[in-house]
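First comes the structure, then the notes that go with it.
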Amino acid sequence: MKKAVVLLSGGMDSAAVVAMAREQGFAVHALSVRYGQRHTSELDAAAAVASALGVAAHKTVNIDLRSIGGSALTDDIDVPEAGGEGIPVTYVPARNTIMLSVALGWAEVLGANDIFCGVNAVDYSGYPDCRPEFIQAFQTLANLATKAGVEGAGIQVHAPLQFLSKADIVREGVRLGVDFGLTVSCYNADDQGRACGHCDACRLRAQGFKEAGVPDPTHYA
């Protein structure tokens, strides 16, 4: 089987991407990142998802983005209950760039030519590193900056959820047998992974299940 590195946060989007990569015939090497986020229950969720979906390997790496702060997810800034105007304070500076870079390094070590991530540009919070232009630019970088890009078959960055609504993601995950009850999306989840039900991530998630006509399996505090 061809190998692929799939970024797995523990949220519903990345869980769906793992299942999609497996359906395409990839041996999934799931990568999670402990970056100093407000809670680590999403990392527990990532481990549960990886086990349930039968990935080939699951690795968690440590990167301290709390040391630079600048986000409600990595600093002493309150998480808002709505996104508001402009880029919200829940945006983590350079997070997707850093995570994709680590995934790129692991892909080279594994001899994998494919990287999957769950960025979405439809029902999302307005983060600049979720846009199609960003994914295209990172793929260009990946093929300029690596041995695989210069001497090998090159690197392909897949973002299969990019143009799907949250409802579409729910339907696709259900079709592929994803247990969304294992996932944690909330910015303010407690130690047991229970969601606040009020933040932007909770609102988008709940809306997706409602529009898809699928019972919401989220565990709320």
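By convention here, the first residue in the shown sequence is residue 1.
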- Query: Do Q139 and I115 have side-chain heavy atoms sitting under 4.5 Å apart?
  - Reply: no
- L7-L65 co-clustered via ILVMFWY side chain contacts under 4.5 Å: yes
- Item | Nearest non-hydrogen partners of C130 and N96, listed with the distance | SG-ND2, 4.0 Å
- Message: I'd like to know if the side chain of R131 reaches the main chain of P128, judged simply by a donor and an acceptor atom lying under 3.5 Å from each other, with no hydrogens or angles considered.
- Response: yes
- Kindly say whether S9 contributes a backbone atom to a donor-acceptor pair with the side chain of S14 at under 3.5 angstrom? yes
- State, yes or no, whether a side-chain contact exists between V119 and Q162 at a heavy-atom distance under 4.5 Å. yes
- Task: Using the side-chain hydrogen bond (donor to acceptor under 3.5 Å, both in side chains) rule, collect all pairs that involve residues 26-36, keeping only residues at least two apart or in two chains.
- Result: S32-H58, R34-N62, Y35-R95
- Query: Mind checking what makes ring-ring contact (aromatic ring centres under 6.0 Å, His included) contact with F209, not counting sequence neighbours?
  - Reply: F180
- Task: Please identify each residue that fulfils side-chain contact (heavy atoms from CB on, under 4.5 Å) with R194, with sequence neighbours left out.
- Result: D190, Q192, H219, A221
- Message: The test is side-chain contact (heavy atoms from CB on, under 4.5 Å); show your working for V102 and V33 and say whether it passes.
- Response: CA-CA 9 Å; V102 177; V33 181; 5.5 Å; no
- Spatial distance of atom CZ (R38) from atom CG (D75) [nearest 0.5 Å]: 9.5 Å
- Do the non-hydrogen side-chain atoms of M12 and K166 ever get within less than 4.5 Å of each other? yes
- Item | Side-chain heavy-atom pair V28, L53 within 4.5 angstrom cut-off | no
- Query: If you draw a 6.0 Å radius around CG in D76, do more than 12 non-hydrogen atoms from other residues or ligands fall strictly inside?
  - Reply: no
- Between L8 and A30, the two heavy atoms sitting closest are CD2-CB, 3.9 Å
- Tightest non-hydrogen contact, residues T218 and D216, listed as OG1-OD1, 2.5 Å
- Query: Hey, are D114 and K3 close enough for a salt bridge, meaning a charged N less than 4.0 Å from a carboxylate O?
  - Reply: no
- Report yes if the side chains of V122 and L164 come closer than 4.5 Å at any heavy-atom pair, otherwise no. no
- Query: Atom CD in E172, atom CE in M20: separation rounded to 0.5 Å?
  - Reply: 4.5 Å
- Query: Under the side-chain hydrogen bond (donor to acceptor under 3.5 Å, both in side chains) rule, what pairs show up with a residue in residues 97-113, not counting sequence neighbours?
  - Reply: none
- Any idea which heavy atoms bring A15 and T183 closest together, and the distance? CB-CG2, 3.8 Å
- Could you tell me which non-hydrogen atom of N120 sits nearest to which non-hydrogen atom of I169, and how far apart they are? ND2-CD1, 3.8 Å
- Query: Do you reckon F134 sits in the same ILVMFWY cluster as V92, going by side-chain contacts under 4.5 Å, direct or chained?
  - Reply: yes
- Please check if L110 and L100 belong to a single hydrophobic cluster, counting links between Ile, Leu, Val, Met, Phe, Trp and Tyr side chain heavy atoms closer than 4.5 Å. yes
- Donor-acceptor under 3.5 Å (T40 side chain, L43 main chain): no
- Message: Same cluster or not: F163 versus V170, using hydrophobic residues (I, L, V, M, F, W, Y) connected whenever any side-chain heavy atoms lie under 4.5 Å apart?
- Response: no
- Taking a hydrophobic cluster as the set of Ile, Leu, Val, Met, Phe, Trp and Tyr residues connected by side-chain heavy atoms closer than 4.5 Å, whether directly or through intermediates, do Y220 and V214 fall within one such cluster? no
- Scanning both residues in full, the closest heavy-atom pair of L182 with A48 reads CD1-O, 4.0 Å
- Tell me, which pairs form a salt bridge (Lys or Arg N to Asp or Glu O under 4.0 Å) where one or both residues lie in residues 143-153, sequence neighbours left out? none
- Minimum side-chain heavy-atom gap Y187-C202 below 4.5 Å: no
- Message: How long is the straight-line distance from CG of N188 back to NE2 of H198, given to the nearest 0.5 Å?
- Response: 9.5 Å
- Message: Once you measure the plane-to-plane angle for F116 and H158, does it fall in the parallel (<30°), tilted (30-60°) or perpendicular (>60°) bin?
- Response: parallel
- Query: Side chains of D129 and Y91: does their closest heavy-atom pair fall under 4.5 Å?
  - Reply: yes
- Note on the structure: Distance col, row F138:CZ vs C117:SG, nearest 0.5 angstrom, shows 9.0 Å
- Task: Could you pull out all residues at least two apart from S41 that satisfy side chain to side chain donor-acceptor pair (under 3.5 Å)?
- Result: H39
